[in-house]
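Data first, discussion second: the structure below is written as structure tokens.
In this chain, residues are counted from 1 in sequence order. Keep in mind it's a predicted model, so treat the numbers as computed, not measured.
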Amino acid sequence: MIDNAVVRARDLIARATITQREETAKMMSAAKADAGSKASVAAVLKLAHLALRRAEEVIFEVLDLVPPPQPIACKAECPWCCHIRLTATPPEVLLVLEFIQDNFTPAEKTALARKVANIDGYTRGLDGEDRAKLRLPCPLLKDGSCSVHAVRPLSCRAVVSVDVGACKRAFDSRMEEPVPQHELQILAANGIGYGILAGMADAGFPVEDAEMNAALALGMADPEIGQRWLRGEPAFTPAALTKRKQNRHF
Ligand code: SF4
């Protein structure tokens, strides 16, 4: 029999997903009507901010209803899971690009652009399994910590571990060893991601869940990428997950 708390957690996630979808459709329709303006890009950034906040709230409530079997082991300066494929929606990618623009020094931006381009050369188009085998770090990992932690994508918020030893073993085995996670947290973060993608589709945008490194490479080479994407140009399509296996999180 399914625990009542699990049912309530799932209901909570379903409601949040629907709300995210409706809110995204409304905000993206307005941004589309004003396509190409800086205000329309700002509206998309606001949408991403709100989605991340909603995800954090839902995750908090879900963990309150159904606590993990052991305390969550994730913390800053723990990089084991940051070596696998990361996916994100275009609004999330634009938010990370804005954070980099506002918070990184010119030298840091140059170094990051080089790192992103190097990693992109190895990872573009790989499925999650092949990407994990490479064990290349996410380019946003710096000195063992996430350099964009405040705006890290939903996929990064979905995956939490209750056993750091298992994370290390998974890294050592190129993701052959399983990592015990909290399935409802994955569901909560992915639900918000689904709400964004479905709301974008409702507003007439092609559904493009992008591979993060490739999307960063495109965005760092083109400061106008947000405006072009809002004008209906396939700005993120080269980074879209069109090949082989697709999964929303890592
Ligand atoms: S964005 Fe940050 S948390 Fe996510 S994989 Fe990259 S370094 Fe890790």
Side-chain angles (χ1 to χ4, degrees), residues 48-49 52 55-56 59 72-179 181 185-186 189-190 193 209-221 236 239 241 247-250:
H49 264 302
L52 294 183
E56 287 300 304
I59 288 168
I72 287 174
C74 303
K75 56 179 193 244
E77 298 177 12
C78 183
W80 301 118
C81 71
C82 299
H83 294 73
I84 45 186
R85 190 179 66 170
L86 169 60
T87 64
T89 60
E92 293 172 89
V93 176
L94 291 173
L95 190 60
V96 170
L97 287 168
E98 189 218 26
F99 186 90
I100 292 166
Q101 184 60 29
D102 291 351
N103 293 283
F104 284 36
T105 65
E108 287 171 333
K109 284 181 211 165
T110 303
L112 178 62
R114 200 178 305 127
K115 201 166 20 159
V116 165
N118 281 341
I119 293 175
D120 193 34
Y122 292 100
T123 59
R124 179 82 64 104
L126 293 185
D127 63 30
E129 210 173 292
D130 290 343
R131 170 69 178 87
K133 281 185 188 144
L134 289 177
R135 292 204 303 193
L136 284 169
C138 169
L140 299 168
L141 197 59
K142 192 174 172 210
D143 301 328
S145 288
C146 178
S147 58
V148 299
H149 189 261
V151 293
R152 68 198 187 285
L154 289 162
S155 292
C156 306
R157 295 162 199 258
V159 178
V160 289
S161 166
V162 295
D163 179 358
V164 70
C167 300
K168 169 90 170 60
R169 287 193 295 279
F171 175 80
D172 289 341
S173 67
R174 297 177 193 271
M175 298 313 289
E176 292 291 325
E177 291 289 322
V179 175
Q181 296 172 36
Q185 171 146 351
I186 296 175
N190 284 353
D209 207 9
E211 190 275 308
M212 187 67 178
N213 195 88
L216 283 179
L218 296 169
M220 294 195 82
F236 286 106
L241 298 178
N247 56 359
R248 236 227 70 77
H249 61 278
F250 297 116

For this session: Mind running side chain to side chain contact (heavy atoms under 4.5 Å, CB included) on Leu52 and Leu95 for me, showing each step along the way?
Result: CA-CA 10 Å; Leu52 294 183; Leu95 190 60; 3.6 Å; yes

For this session: Supply the atom-to-atom distance Asp120 CG to Lys115 NZ, rounded to the nearest 0.5 angstrom.
Result: 14.0 Å

Exercise. Once you round to the nearest 0.5 Å, how far does CD of Gln181 lie from SG of Cys74?
Worked result: 8.5 Å

Exercise. Is there side-chain contact between Ile72 and Ser161, with heavy atoms separated by less than 4.5 Å?
Worked result: no

For this session: Decide yes or no for Lys133 and Glu129: does some side-chain heavy atom of the first lie under 4.5 Å from some side-chain heavy atom of the second?
Result: yes

For this session: Take Leu141 and His83, measure what side chain to side chain contact (heavy atoms under 4.5 Å, CB included) needs, and give me the verdict at the end.
Result: CA-CA 9 Å; Leu141 197 59; His83 294 73; 3.9 Å; yes

Problem set entry | Heavy-atom check, side chain of Thr89 versus side chain of Phe236, under 4.5 Å | no

Problem set entry | Minimum heavy-atom distance between Glu92 and Leu154, given as atom pair plus value | OE1-N, 2.7 Å

Problem set entry | Any Glu211 side-chain heavy atom under 4.5 Å of Leu86 side chain | no

Problem set entry | From CZ (Phe104) to NZ (Lys109), nearest 0.5 Å | 9.5 Å

For this session: Report the distance from atom CG of Leu97 to atom CG of Asp102, rounding to the nearest 0.5 Å.
Result: 11.0 Å

Seminar exercise, completed: Note: Cys167 and Val179 closest approach over all heavy atoms is SG-CG1, 3.9 Å

Exercise. Does Leu140 offer a backbone N or O that forms a donor-acceptor pair with the side chain of Ser147 under 3.5 Å?
Worked result: yes

Seminar exercise, completed: Nearest heavy-atom contact between Ala73 and Val164 is CB-N, 3.9 Å

Exercise. Given side chains that start at C-beta, do those of Met212 and Pro153 come closer than 4.5 Å, heavy atoms only?
Worked result: yes

Exercise. Any donor and acceptor pair, going by atom type alone, linking the side chain of Glu176 with main-chain N or O of Ser173 inside 3.5 Å?
Worked result: no

Exercise. Nearest heavy-atom pair of Ile59 and Ala189: which atoms, and what distance?
Worked result: CD1-CB, 4.3 Å

Exercise. If only atom types and distance count, is the side chain of Arg131 paired as donor or acceptor with the main-chain N or O of Gly128 below 3.5 Å?
Worked result: no

For this session: For Asp163 and Arg169, work out which heavy atoms get closest and say how close.
Result: OD2-NH2, 3.6 Å

For this session: Please tell me if the side chains of Met175 and Ile84 come closer than 4.5 Å, counting only heavy atoms from C-beta onward.
Result: yes

Problem set entry | Residue pair Asp130, Arg85: steps toward the salt bridge (Lys or Arg N to Asp or Glu O under 4.0 Å) verdict | CA-CA 9 Å; Asp130 290 343; Arg85 190 179 66 170; over 6 Å; no

For this session: Heavy atoms only: give me the nearest Ala48-Pro91 pair and the separation to one decimal.
Result: CB-O, 3.5 Å

Problem set entry | Any donor-acceptor pair under 3.5 Å from Gln101 side chain to Glu98 backbone | no

Exercise. Would you call Leu134 and Leu126 a side-chain contact if the rule is heavy atoms closer than 4.5 Å?
Worked result: yes

Problem set entry | Worked verdict on Glu56 versus Arg157 for salt bridge (Lys or Arg N to Asp or Glu O under 4.0 Å) | CA-CA 8 Å; Glu56 287 300 304; Arg157 295 162 199 258; 3.1 Å; yes

Exercise. Under 3.5 Å, side chain of Glu177 to main-chain N/O of Asp172, donor-acceptor pair present?
Worked result: no

Exercise. Does Val116 offer a backbone N or O that forms a donor-acceptor pair with the side chain of Asn213 under 3.5 Å?
Worked result: yes

Problem set entry | Sub-4.5 Å side-chain heavy-atom contact between Glu108 and Thr105 | yes

For this session: Using modelled atom types only, decide if a donor and an acceptor are shared between the side chain of Arg135 and the backbone of Phe171 within a distance under 3.5 Å.
Result: yes

